[in-house]
Amino acid sequence: MRNLKDTAPSPESSEAILAERKKRMLGPRAVVFFLISIVLVGVLLWKMDIAQALSSFRNAHLGWVLVACCAYFLSNFCKAVRYRAMLRHLNIGLFEMFAITSYQNFYNQIMPARTGELTLVYYLKTLGNAKISKGLHVLLVTRIYDFIIVAAFFVGSVALYYGRKSSPALVAAGVGFLLFSIAVLFYLKHIIRWGMDFFNLTMRALGLEKKKLVMKFNEKMEPVVREFVEYDTLKEVPVLVLTSVLVWSVLYVFAYVTILAWRVEINFLLSIAGSTGQVLANVLPINSFGSFGTLEAGWAGGYMLAGMKRQDAIATAFGYHIINFIASGFIAAVCYGILKIKK
């Protein structure tokens with residue numbers, strides 16, 4: 001295996017990714033999302049008994065907290081295995097891929113509007129010498145698989161727990177989202193190509209096709225489009241379905257044992273269905289710095305719909321987020337230190 005430390009990434013490409021991250025972080029949309037987060041946190045604190053919540057934090061079961069941290073670590077490992085399966089031709093070491101995944105997870109915790117996702121592209125470039133187009137392709141494809149698996153788990157958990165009493169509308173919504181995500185996966189190359197064709201037609205209609213900015217955009221997008229068009233979707237389905245199921249199985253266990261750590265009883269199937277709220281809140285680009293407020297609102301909403309008391313739903317939401325934040329930061333810091341020592 002080649003030495004990853006000796007690779008020579010393109011500084012221009014890497015700087016472009018960092019510049020894009022900073023631009024999004026300081027943009028007006030980030031400010032709006034930050035204000036929304038403040039409002040959401042305020043509403044959640046107002047809706048719960050703070051003294052009771054503090055008592056539940058003091059009495060949290062440390063054993064289950066440690067199990068939750070281990071589950072988080074294992075989810076990182078499973079994500080690294082999934083990325084490595086997609087990038088096996090690059091021969092990136094498993095630890096290096098684990099470090100890249102840990103950085104991505106941590107930056108997603110602290111950066112607004114999912115801009116931390118671009119960290120994956122950046123570190124795949126700097127640590128694994130992967131092309132920017134390859135990194136963007138991996139990022140988008142794995143997110144689509146996430147939507148597919150989350151929808152499948154949601155429909156399955158609702159159907160298994162409620163049986164014939166399942167809400168037809170809820171099941172239909174889940175199945176519809178599942179089928180839509182599968183269709184997007186298999187038609188992704190066409191969607192990307194049609195999008196570029198539409199963009200170029202629009203630019204020609206406006207007489208802007210010769211503008212330097214438009215030509216530069218087309219030049220940058222050409223390898224990205226080629227990456228998507230040449231990808232053999234069907235060939236990769238088995239390994240990506242398997243690894244994605246592993247990722248989300250561990251993440252659902254992580255959510256479940258976090259609830260147990262706060263001494264709240266809940267059926268595991270209901271836990272899967274309820275956690276869909278925080279999954280959607282965390283995946284969609286609506287979160288602000290640290291994801292505080294949006295994640296808690298999604299978690300609390302999902303679990304209250306699943307029958308959990310409001311006090312327990314809000315308290316466990318903050319507990320889940322705190323464990324998530326600390327575990328991701330600790331793992332990322334350890335990976336950073338080990339890579340520094342290896343140099």
Just checking, any donor-acceptor pair under 3.5 angstrom between side chains of D146 and W248? yes
hydrophobic_cluster_shared for L246 and I144, side chain cutoff 4.5 Å: no
So that I know where these two stand, are W299 and Y320 an aromatic pair - ring centroids less than 6.0 Å apart? yes
Parallel, tilted or perpendicular: which fits the ring planes of F254 and Y72, with parallel below 30° and perpendicular above 60°? perpendicular
Can you find a side-chain donor-acceptor pair between Y107 and S328 that sits under 3.5 Å? no
Taken in chain and number order and not counting sequence neighbours, the residues that satisfy salt bridge (charged side-chain N to carboxylate O under 4.0 Å, His left out) with R226 are E222
Centre-to-centre under 6.0 Å for F154 and Y252, is that the case here? no
Would you please say whether a donor-acceptor pair under 3.5 Å links the side chains of N108 and E117? yes
Do F73 and F98 pass the ring-ring contact (aromatic ring centres under 6.0 Å, His included) test, and can you show the C-alpha distance, the side-chain angles, and the key distance before you say yes or no? CA-CA 10 Å; F73 175 89; F98 180 80; 5.1 Å; yes
Separation of R143 CZ from L185 CG (nearest 0.5 Å): 14.0 Å
Beyond-backbone contact of T258 with I323, side-chain heavy atoms, under 4.5 angstrom: yes
Check: Q104/Y122 side-chain N/O donor and acceptor closer than 3.5 Å: no
Check: S244 and R82 side chains under 4.5 Å, non-hydrogen atoms: yes
Mind checking whether F325 and H321 have parallel, tilted or perpendicular rings, split at 30° and 60°? perpendicular
Please check if the side chain of R84 supplies one atom and the backbone of I92 the other of a donor-acceptor pair under 3.5 Å. yes
When you measure from the side chain of D312 to the backbone of M308, do you find a donor-acceptor pair of N or O atoms at a distance under 3.5 Å? no
